[in-house]
Amino acid sequence: MLNNKLVSLIKFAKKSRSIVYKQSLASLVAKNKIYLIILAKDIAPSSLNDIKKICKNVDLLYLEDKLVLGELLSKNEVSVFGISNINIAKQIKLLVKEKNYGKEN
């Protein structure tokens, strides 16, 4: 189960239009405009390989499964999304380290 503060930060990122989905992720990573990538724990291995190739200089964080992330973002399923706001990304990373939640790369 996700921490309430983490849920609030992700929902705030969504409201502030700081969530970037897979379609736009590669181009924004190339422009250094993505500060954190959040992945579902059950992401397909081929998708994970693609993301790792593209996002070598961006921190990866594994959280929950696709259905939980999708519900959090008002979608069916979400396997990967990026955070384009540096301050929100920093707060999420800090929270994850404090609570020892998820797995960071």
Crowding at CZ, Phe12 (>12 non-hydrogen neighbours, <6.0 Å): no
Could you tell me if the side chain of Arg17 sits less than 4.5 Å from the side chain of Ser84, heavy atoms only? no
At their closest point, which heavy atom of Ser18 faces which heavy atom of Asn85, and how far apart are they? OG-CB, 3.4 Å
Other members of the hydrophobic cluster containing Tyr35, with the 4.5 Å side-chain heavy-atom rule, please. Ile86
What about Val68 and Tyr21, same hydrophobic cluster or not, with Ile/Leu/Val/Met/Phe/Trp/Tyr joined at side-chain heavy-atom distances under 4.5 Å? yes
First locate atom CG of Leu9, then atom NZ of Lys14, and finally report the distance between them rounded to the nearest 0.5 Å. 15.0 Å
Euclidean distance, Leu39 CG relative to Lys66 NZ, rounded to 0.5 Å: 11.5 Å
For the student: nearest non-hydrogen atoms of Lys5 and Asn3, plus distance: N-OD1, 2.7 Å
For Lys41 and Tyr62 the tightest heavy-atom approach is CE-O, 4.2 Å
Given Ile83, Leu28, Val29, Val80, the one that forms side chain to side chain contact (heavy atoms under 4.5 Å, CB included) with Val20: Leu28
Count the heavy atoms of every other residue, nucleotide or ligand shown that sit under 6.0 Å from CD of Glu71, and state whether that count exceeds 12. no
Heavy atoms, side chains only, cut-off 4.5 Å: are Gln91 and Leu94 in contact? no
Establish whether Leu63 and Val7 are linked, either directly or via other cluster members, by ILVMFWY side-chain heavy-atom contacts under 4.5 Å. yes
Testing the basics here: between Ile88 and Ser16, what is the closest heavy-atom pair and its distance to 0.1 Å? CD1-OG, 3.8 Å
Kindly give the heavy-atom pair with the smallest separation between Cys55 and Ile37, and that separation in Å. SG-CD1, 3.6 Å
Pairwise distance CG(Asp42) to CG(Leu48) - rounded to 0.5 angstrom: 11.5 Å
Tell me every residue that passes side chain to side chain donor-acceptor pair (under 3.5 Å) with Ser47, counting only those two or more places apart in sequence or in another chain. Lys22
What closest approach, in Å, do Ser79 and Ile43 show between heavy atoms, and which atom pair accounts for it? O-CD1, 3.8 Å
In sequence, state the C-alpha distance, the side-chain angles, and the governing distance for Val78 and Leu67, and then conclude on side chain to side chain contact (heavy atoms under 4.5 Å, CB included). CA-CA 7 Å; Val78 175; Leu67 288 173; over 6 Å; no
If I take atom NZ from residue Lys53 and atom CG from residue Asp50, how far apart are they, to the nearest 0.5 angstrom? 6.0 Å
To the nearest 0.5 angstrom, please state how far the CD1 atom of Ile38 sits from the CG atom of Leu72. 8.5 Å
When rounded to the nearest 0.5 angstrom, what distance separates CG in Leu69 from CD in Glu77? 10.0 Å
Non-hydrogen side-chain atoms of Phe81 and Ile10 separated by less than 4.5 Å: yes
